[in-house]
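Only one structure is covered here, and it is reproduced in the block below.
Order of appearance sets the numbers: ligands from 1, and atoms from 1 within every ligand.
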Amino acid sequence: MNIGIIGAGAAGLAAAYELGKHGHTAVVYETAPFLGGQASTFDVGGAPLERGYHHLFTSDTDIVDLIHEIGLGHQMKWIESTVGILHKSKIYNFVTPLDLLRFSPLSIIDRFRLGLVTLLLQRNNDWRKLESQTADAWIRKNAGKRVYDVVWGPLLRGKFGEEHYKEVGMPWFWGKIHTRFASRGKGLAKELLGYPIGSFGEVFDVLAERVAEQGSEVHLSTGVKQVIVQNNRAVGLETGPRDGPTPTQEFDAIIATTPSFIFPKLVPSLPDDYLAKLNGVTYMAAVLLILELDRPLTDIYWLNVADRSIPFVGVIEHTNLIPPEHYGGKHIVYLTNYLSENHPLYKMSHEELQAEYIPHLKKINPDFDESWIQNSHYHRVGAAQPIIGTNYSQRIPDHRTPIERLYLANTTQIYPEDRGTNYSVRMGKHVARLLLEDLPDG
Ligand SMILES: Cc1cc2nc3c(=O)[nH]c(=O)nc-3n(C[C@H](O)[C@H](O)[C@H](O)COP(=O)(O)OP(=O)(O)OC[C@H]3O[C@@H](n4cnc5c(N)ncnc54)[C@H](O)[C@@H]3O)c2cc1C
């Protein structure tokens, strides 16, 4: 069989590879001129760097297995991370139980309560029982007002904005606690984070090479304009550059990995009930300012900004995980935000955003001076974070769409875990297998 795949991110490439392993071919079309979608890279100091900070947890076994399988296992590095929380211009370490005990913005009783609630969530494997509650209500009720106000409330608001933070279902929060704790050893052990040292870009490059060795093709700068449907069956794709010609190509089946709001534009004949499921999830966009500094800003890799007077939610100092020598001596800092597309910060230009953010860096390091910045980059991702509400298990759009031989695999279908490259790889493989179950003989 020959399968058309829309999108060369983690899900699309993993699906193509899985189909190839079963003796089928695929043609992958990608609008962007590069592989990797949200986990793609660009060049900094002579090395590829992710447009949005990326790391793996030890529980991310699907992508780690894939990295080994395609021959890049030697590139996987596991590194002790440093996580902090910024409260009233002071950085507190926030990894081990000992760090928690030392977290003075909370009373001793609240520190124990925070620790206990975290432990209970980590041990609770039955996320379904939490599904009907929002993260906001659950945390307020179980962790108490002070823990909410100081730690988790600002983070929830930062991640989902004032408009949406109250909608987020509790499984999202449950998933976050589980993945972070799964990456820690027992007792007082620190968190281990993984990074393919040649970058996620190298992983996608080599994966695309393996896909080509299987007889499949990957076409960059070639968007899909329409899925051709005849008698309620997907039979081909119209492709091509934005203003160029639109060749058509026949396929035995199609897998789309586009965000939910793009999918109906490619398939106008989707029935209303499926459309309602697609429209039932909105996305937060991500905006990233990436600074190349001549010295470190902090000694923390992942700094949660629990202070909503600061206009960004996280400071990820990549070179506190991977040494600056890897990037020609540059210290790389991502200032990150999740915003809805009508937020004023989302509409700012690179220069405007930098001017807005820079004064706040002194709250993180009082010595900071603008002259430390050697270069800066700006990046936006439209469909960065789906907002998954309560009781979502009953509302997930099915991978098998109502159009025969047309499959959808996007980040709104990852549940109860939060989206991530690991789950897109898992989903890409899963959807390829679903398709093969449906069409065993082609
Ligand atoms: C700021 C940020 C930080 C993150 N950090 C981490 C992290 O630390 N660890 C982690 O594991 N994950 C992280 N993630 C999440 C991870 O990057 C994504 O979940 C994952 O890459 C999604 O892969 P995907 O293939 O499902 O979707 P995408 O990467 O979105 O791929 C879909 C592809 O489809 C293409 N496309 C869309 N429409 C068309 C069309 N009409 N024709 C052709 N192509 C089309 C797009 O260009 C895109 O390349 C992060 C995400 C962001 C935004």
Side-chain angles (χ1 to χ4, degrees), residues 4-16 27-41 50-57 59-60 62-64 67 81 159 176 179-180 183 193-196 200-201 203-204 207 218-227 237-242 246 254-267 283-290 301-302 312-314 316 318 321 334-339 379-386 408-414 417-431:
I5 297 183
I6 311 173
L13 289 175
V27 183
V28 185
Y29 296 98
E30 169 57 54
T31 311
F34 45 78
L35 298 169
Q38 294 179 47
S40 60
T41 51
E50 290 66 33
R51 289 182 167 82
Y53 50 88
H54 270 72
H55 60 245
L56 296 173
F57 296 104
S59 54
D60 287 339
D62 289 79
I63 189 165
V64 173
I67 288 171
S81 82
K159 182 93 191 213
K176 283 277 153 203
T179 42
R180 284 223 96 113
S183 247
L193 295 180
Y195 186 75
F200 280 73
V203 173
F204 295 121
L207 184 55
V218 181
H219 298 282
L220 298 179
S221 303
T222 313
V224 169
K225 297 178 178 174
Q226 195 86 55
V227 175
L237 293 174
E238 285 181 10
T239 64
R242 187 186 291 241
T246 306
I254 310 289
I255 298 174
T257 69
T258 65
S260 292
F261 55 84
I262 293 181
F263 189 54
K265 294 181 188 156
L266 308 181
V267 197
Y283 292 85
M284 299 299 287
V287 180
L288 299 130
L289 188 69
I290 307 161
Y301 165 62
W302 185 279
F312 42 84
V313 65
I316 291 95
H318 181 74
L321 193 69
Y334 294 89
L335 304 179
T336 182
N337 236 336
Y338 288 88
L339 302 165
H379 182 55
R380 297 200 305 190
V381 186
Q385 174 71 56
L408 179 67
N410 74 25
T411 55
T412 69
Q413 294 161 302
I414 293 165
E417 301 89 354
D418 192 20
R419 93 303 186 237
T421 50
N422 182 63
Y423 303 106
S424 285
V425 164
R426 181 191 293 179
M427 178 171 59
K429 283 163 54 182
H430 171 68
V431 170

Aromatic ring pairing Phe200/Phe204, orientation class (parallel under 30°, perpendicular over 60°, tilted between): tilted
Under 3.5 Å: donor-acceptor pair, side chain of Glu50, backbone of Ala39: no
Check against side-chain contact (heavy atoms from CB on, under 4.5 Å), Asn337 and Phe312: CA-CA 5 Å; Asn337 236 336; Phe312 42 84; 4.0 Å; yes
Report each N/O pair between ligand 1 and the protein that falls under 3.5 Å, naming both atoms.
unit_1, atom_1, unit_2, atom_2, d
ligand 1, 5 (N), Tyr53, O, 3.0
ligand 1, 8 (O), His55, N, 3.0
ligand 1, 8 (O), His55, O, 3.4
ligand 1, 9 (N), His55, O, 2.9
ligand 1, 11 (O), Thr421, N, 2.9
ligand 1, 11 (O), Thr421, OG1, 2.6
ligand 1, 12 (N), Thr421, N, 3.3
ligand 1, 14 (N), His54, NE2, 3.2
ligand 1, 17 (O), His54, NE2, 2.7
ligand 1, 19 (O), Gly420, N, 3.3
ligand 1, 23 (O), Ser424, OG, 3.3
ligand 1, 25 (O), Ala10, N, 3.1
ligand 1, 25 (O), Ala11, N, 2.9
ligand 1, 26 (O), Ser424, OG, 2.8
ligand 1, 29 (O), Gln38, N, 2.9
ligand 1, 30 (O), Gln38, NE2, 3.1
ligand 1, 41 (N), Val224, O, 3.1
ligand 1, 42 (N), Thr31, OG1, 3.2
ligand 1, 42 (N), Val224, N, 2.8
ligand 1, 44 (N), Thr31, N, 3.2
ligand 1, 44 (N), Thr31, OG1, 3.1
ligand 1, 47 (O), Glu30, OE2, 2.6
ligand 1, 49 (O), Glu30, OE1, 2.6
ligand 1, 49 (O), Glu30, OE2, 3.1

side-chain hydrogen bond (donor to acceptor under 3.5 Å, both in side chains) partner of Arg419, chosen from Gln38, Gln413, Gln385: Gln385
Side-chain donor/acceptor of Asp62 to backbone N/O of Val425, under 3.5 Å: no
For Ile316, all residues meeting side chain to side chain contact (heavy atoms under 4.5 Å, CB included), sequence neighbours excluded: Tyr53, Tyr301, Trp302, Tyr334, Thr336
